[in-house]
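Remarks on the structure that follows.
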Protein chains: 2
Amino acid sequence: MDKIDKAILAILQDDCTTPVSDIAERVGLTTTPCWRRIQQLERAGVIERRVALLNPARLNVGVTVFVAVRTSEHSEAWFRKFASVVAAIPQIVEFYRMSGDTDYLLRVVVPDIAAFDGVYKRLIRDVKLSDISSSFAMEQIKFTTALPLDYA
Amino acid sequence: MDKIDKAILAILQDDCTTPVSDIAERVGLTTTPCWRRIQQLERAGVIERRVALLNPARLNVGVTVFVAVRTSEHSEAWFRKFASVVAAIPQIVEFYRMSGDTDYLLRVVVPDIAAFDGVYKRLIRDVKLSDISSSFAMEQIKFTTALPLDYA
DNA sequence: CATGAAAATTCACACCA
DNA sequence: TGGTGTGAATTTTCATG
């Protein structure tokens, strides 16, 4: 991946509605080779998808909660169950398997504490979890879907 | 925001390249009124932007680290400094002010532990921080930019 | 809001260097 | 790989009902 590809990706990460002709001009190409590079980046799986980002406050999900989970169960079947339950809860937007003291970390978006309690109850009802600790975010100071291109 | 608007948003959150004519058909409208609704959702700030999502592994940032920060400083000037330093580090993709024992939480994406150390050193060089604890994610099981539309 | 349609823009690709 | 040209698709706007 050369400098031009990175420049193209930087533009698309910021605004994927930018016409190919504009992108081409900004990276110093004409439209066709630029278009071909974009196609190739899609085929190679570098560009996964193009999505609209919505405003959390306008959708009434201004509260973010991080949920740290510990468990005694470590079977494959249990994990698949856990993963499928999480996948079905739209309020859970991120889900990581961690190293260290917490086994899993979830990010949950909800309107308020009461709504979080609903998600929490649903989670513990559907999955056997040993220990859960929730931390509330007061403010989202930075959030970007743009990944650093420095290592590619 | 009625049911049709939500249906439109659900489609655009999933794939913003969907032609307006397709969206219209799926929500039971013709293109013109559907197009007007989309324009209005943009003007109202519900739709903030349209971006390309890239593959972390392909960009060599497959490792996610959560950094919990505590500080003794709580002045406005210090916070602005902290926020500007974080804004300038592209490896930091999320940044929250928390309630509870940790004051701030960062999500950092890097290729490996060594690269994380670089980001870590840069952070503590530029900002005065009392206590930092880093947790490594072994696996990203779920990650979506699609917000739940249930509360809107 | 539906229909129909036109103008402007952008995409997608064949072909050449 | 990059460039030129062109037909197709899409967006965007504007009539009328």
Side-chain angles (χ1 to χ4, degrees), chain A residues 1-56 58-60 144-152, chain B residues 1-61 90 111 144-152:
Chain A
M1 176 142 37
D2 64 1
K3 208 171 182 66
I4 296 179
D5 280 340
K6 289 188 190 179
I8 292 171
L9 291 175
I11 293 169
L12 290 175
Q13 280 198 121
D14 179 61
D15 180 7
C16 70
T17 69
T18 316
V20 180
S21 55
D22 284 19
I23 301 173
E25 192 177 19
R26 285 165 62 180
V27 303
L29 286 176
T30 50
T31 59
T32 300
C34 183
W35 178 82
R36 271 201 298 255
R37 278 173 181 262
I38 294 170
Q39 296 300 312
Q40 199 201 336
L41 287 165
E42 279 174 352
R43 267 185 290 120
V46 179
I47 299 173
E48 288 194 324
R49 57 209 306 225
R50 295 148 187 261
V51 301
L53 300 183
L54 309 185
N55 184 306
R58 302 286 173 132
L59 292 177
N60 198 24
T144 180
T145 55
L147 301 176
L149 303 171
D150 307 312
Y151 310 109
Chain B
M1 178 142 37
D2 64 1
K3 209 171 181 69
I4 295 179
D5 279 339
K6 288 189 189 178
I8 292 172
L9 291 175
I11 293 170
L12 290 176
Q13 278 198 124
D14 180 62
D15 179 7
C16 69
T17 70
T18 315
V20 180
S21 54
D22 284 20
I23 300 173
E25 191 177 19
R26 286 163 63 181
V27 304
L29 286 177
T30 50
T31 59
T32 303
C34 183
W35 180 83
R36 273 201 297 255
R37 279 172 181 263
I38 294 170
Q39 295 300 311
Q40 200 206 332
L41 288 166
E42 280 173 351
R43 268 183 289 120
V46 178
I47 299 172
E48 287 194 324
R49 56 209 306 225
R50 293 147 186 261
V51 301
L53 299 184
L54 309 185
N55 185 305
R58 301 289 172 128
L59 293 177
N60 197 26
V61 288
T144 180
T145 56
L147 301 176
L149 302 171
D150 307 313
Y151 309 110

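Reminder, nothing fancy here: chain letters follow the sequence lines and each chain counts from 1. The structure displayed is predicted, hence computed values, not measured ones.
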**Report entry** Verdict with reasoning, A/Leu9 to B/Leu59, per side-chain contact (heavy atoms from CB on, under 4.5 Å)
**Finding:** CA-CA 10 Å; A/Leu9 291 175; B/Leu59 293 177; 4.2 Å; yes

Report task. To the nearest Å, give me how far apart CD1 (B/Ile38) and P (D/dT11) are. Result -> 8 Å

Query raised in the report: Can you tell me how far the CD1 atom of A/Ile47 sits from the CG atom of A/Leu41, to the nearest 0.5 Å?
Result: 5.0 Å

Report task. Using whole Å, report how far CH2 of B/Trp35 lies from P of C/dA5. Result -> 20 Å

Query raised in the report: Which residues within residues 6-30 of chain A lie with some heavy atom under 4.0 Å of an atom in DNA chain C?
Result: A/Pro19, A/Val20

**Report entry** Any residue of residues 39-52 of chain B with a heavy atom less than 4.0 Å from an atom of DNA chain C
**Finding:** none

Query raised in the report: Just how far is it from atom CG of B/Asn60 to atom CG of A/Leu147, taken to the nearest 0.5 Å?
Result: 11.5 Å

Report task. Output yes when a side-chain donor or acceptor of B/Arg37 lies under 3.5 Å from a complementary backbone atom of B/Ile4, and no otherwise. Result -> no

Pull out every protein N or O sitting under 3.5 Å from an N or O of nucleotides 15-17 of chain D, one pair per line with the distance.
none

Requested in this report: Tell me, please, which residues at least two apart from B/Glu42 pass salt bridge (Lys or Arg N to Asp or Glu O under 4.0 Å).
Outcome: B/Arg50

Requested in this report: Taking salt bridge (Lys or Arg N to Asp or Glu O under 4.0 Å) as the test, write out the residues that go with B/Asp14, two or more places apart.
Outcome: A/Arg49

Query raised in the report: Considering only heavy atoms from C-beta outward, does the side chain of A/Val46 approach that of A/Asp5 to under 4.5 Å?
Result: no

Report task. Applying side chain to side chain contact (heavy atoms under 4.5 Å, CB included), name anything that partners A/Thr32, two or more places apart in sequence or on another chain. Result -> A/Arg36

Query raised in the report: So how far is it from B/Cys34 SG to B/Gln39 CD, rounded to the nearest 0.5 Å?
Result: 10.5 Å

Requested in this report: Check each of A/Ile23, A/Val20, A/Thr18 against A/Ile8 using the side-chain contact (heavy atoms from CB on, under 4.5 Å) test, and report the only one that passes.
Outcome: A/Ile23

